[in-house]
Number of protein chains: 2
Amino acid sequence: MDTKSLQLFSHLAQTLHFGRTSEAFHMSPSTLSRHIKQIENEIGHVLFNRDNRSVQLTIEGERFNQYALESLSQWRNFRRSLTTSGEQLVGEISLYCSVTASYSFLYDILSEFRGLHPKIEMKLHTGDPAPALARVMEGHEDIAIAARPNNLPSSMAFKRIAISPLVFIAPNDVNAAQSLGVSMSADSKINWNQVPMILSEEGISRSRVDQWFRQRNAKPKIYAQVSGNEAIVSMVSLGFGIGVVPKIVIDNSPLIDKVSIMDLQPELEAYDVGLFTLKKNLATPIIKAFWQQINR
Amino acid sequence: MDTKSLQLFSHLAQTLHFGRTSEAFHMSPSTLSRHIKQIENEIGHVLFNRDNRSVQLTIEGERFNQYALESLSQWRNFRRSLTTSGEQLVGEISLYCSVTASYSFLYDILSEFRGLHPKIEMKLHTGDPAPALARVMEGHEDIAIAARPNNLPSSMAFKRIAISPLVFIAPNDVNAAQSLGVSMSADSKINWNQVPMILSEEGISRSRVDQWFRQRNAKPKIYAQVSGNEAIVSMVSLGFGIGVVPKIVIDNSPLIDKVSIMDLQPELEAYDVGLFTLKKNLATPIIKAFWQQINR
DNA sequence: TAGATATGTTGCAATAAATGATATATATTT
DNA sequence: AAATATATATCATTTATTGCAACATATCTA
């Protein structure tokens, strides 16, 4: 039995919904399903009665939930007792991350850290992902959450949080799509030299798009260069052109049903989202504490 | 953090000796070392001060040990509370296993089970491994610990405990070895038709040896057919011939320094040691409880 | 002081486990 | 009856774990 399983279980015991719990933990429903089954197997009792439409705790499940909550609480207490025993860590960390990352990961990362180190203040800056690394390199920020570039400076430490594919998006409205020269059907019929594109001004996503066009001996007709993925989604949804953003941006966007992902080959190389800091920063107790906090 | 890690840690905190703890858990020292390092990494503190000659708990290590012992105790309590809540399981299980298995695995398996189900009596039969499966098939025993044959009857359930290679052993004494026609140097110089062999009468080890000889177009000159691996080791150590036994038998034998393992190619297929029972037996609560107890 | 021994760690190749995408089964709603 | 929602099974792929052997270093022995 491990802490992760206990967390999964107790969350599911609250939601009684595999889909929502798996989403909360950034994993697929099937993975969650197998986790639960493995717990049940280890314990030797069924913990949830689930037909395909509802999930209910069994008697043993309620017992186990009691145990799980207590056990998790003790674990957190132990962690806290360790950190508060010596000198309580005091200070501040400046963290730079994109708006998208702040939606999807920040809460998970910060909530646990905060419990552990309440005396450490977090200065959070959100903005365009492109300059994130430079800001860390130049010492403006301690840590950044961003996509990993192909060539990582050797002075930089990186810790992956998630992988998200980089996708082309088109307006969902059929008329708008056709007026852009993009019938949703066949890639081969699209003249990429004439499709108006909405792209980042700089950064990883931009350089990968440029590379993609070079591979096709095409040159993007740039309708607008925008700073920030969320703005790209907005413009695309309004029918101004085709955009390229990490899929995770779509998933968290309120405009999710206004745009649709295009199925193109070859796919763009996926975004490798994670934490960055200068390796030398890891010698600092505060930064080190933050770094280790991220569950592997 | 998981139960296994806590167990490893607290055992090491007692012994303060990587070698002994790793042995107790049937794993290599390197595996243990990396387990500990991973715990330290997750917690963010060094738990043991270890130079290459001594191991000592740090302050944080002692703290963690307190936590670990308490946490493990609560886990056991929870398990017990589940099983004792309904009707306490009462009854008996008959278990058949080889002498070797009784040395190496039985204690681990039974000690935990006994704590969980004190009202279940264990009837233990030790003997030659060869007939173990048949005895279960025929209903004389509920469960057997033995090596997995190549063709497992579909009515049989199997759960692996360990893998042990099947090895040729020769007497360690140089004179004895040479008089058997086996200079320890080169396999190719050995005339396998003339080397006196000491083999099991039947069973997996025997059939794998026969197959090995057939591959070489040789026929074993059988000096003696013996029942029980321990007897084979005895006869080999006395210089009567060459034997074939699972390595685990050697490791647990008092004669370990009287025999030596021969380096031959191709190697015999390894022993796959584990638990057997009839699948239909797993419907029985008592058998099921035992089966699930075995840590995966 | 030099060699032998004990002991924890690291590199590497092989094995085992975990994961997500997809397909499937079935209950509920429309 | 068709569409939708939801948990699970299957499969290919990725990731993690493991043991062996080599290594480094501390202690013991002569």
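Chain A is the first sequence line, chain B the second, and so forth, proteins listed ahead of strands; every chain is numbered from 1.
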What distance separates [X] [atom1] from [Y] [atom2], expressed to the nearest 0.5 Å?
X      : Y      : atom1 : atom2 : answer
B:L282 : B:K288 : CG    : NZ    : 9.0 Å
A:I36  : A:S5   : CD1   : OG    : 8.0 Å
A:I248 : A:L166 : CD1   : CG    : 12.0 Å

Could you tell me how far apart [X] ([atom1]) and [N] ([atom2]) are, to the nearest whole angstrom?
X      : N      : atom1 : atom2 : result
A:I36  : D:dT6  : CD1   : C1'   : 15 Å
B:D2   : C:dA18 : CG    : P     : 11 Å
B:Q38  : D:dA16 : CD    : P     : 11 Å
A:L16  : D:dA5  : CG    : P     : 19 Å
B:I39  : C:dG8  : CD1   : C1'   : 16 Å
A:D272 : D:dT14 : CG    : P     : 14 Å
B:M27  : C:dG8  : CE    : P     : 15 Å
A:I163 : C:dG20 : CD1   : P     : 10 Å

Any A:T31 side-chain nitrogen or oxygen under 4.0 Å from OP1 or OP2 of C:dA18: no
For a quick test of reading the model: is some side-chain N or O of B:K37 closer than 4.0 Å to OP1 or OP2 of C:dG8? no
Given D:dT18, D:dT15, C:dT7, the nucleotide with the shortest approach to the side chain of B:H35: D:dT18
Nearest of D:dT15, D:dG19, C:dT9 to any side-chain atom of B:F18? C:dT9
With no angle test and no hydrogens, is the base of C:dA21 tied to the side chain of A:S30 by a donor-acceptor pair under 3.5 Å? yes
Taking the six-membered ring for Trp and the single ring otherwise, decide whether the centroids of B:F113 and B:W291 are under 6.0 Å apart. no
Along nucleotides 25-30 of chain C, 5' to 3', which nucleotides get a B, which get an S, and which get a -, given that the test is a protein heavy-atom distance under 4.0 Å? BBSS--
Identify whether the distance between the nearest side-chain nitrogen and carboxylate oxygen of A:R50 and A:E40 falls below 4.0 Å. yes
For A:L16, does the CG atom have more than 12 heavy-atom neighbours from other residues, nucleotides or ligands under 6.0 Å away? yes
Result for 5'-nearest mapping on DNA chain C, choosing between B:R34 and B:R20, is B:R20
Give the C-alpha distance, both sets of side-chain angles, the deciding distance and a yes or no for ring-ring contact (aromatic ring centres under 6.0 Å, His included) between A:F48 and A:F64. CA-CA 11 Å; A:F48 294 101; A:F64 185 60; 9.2 Å; no
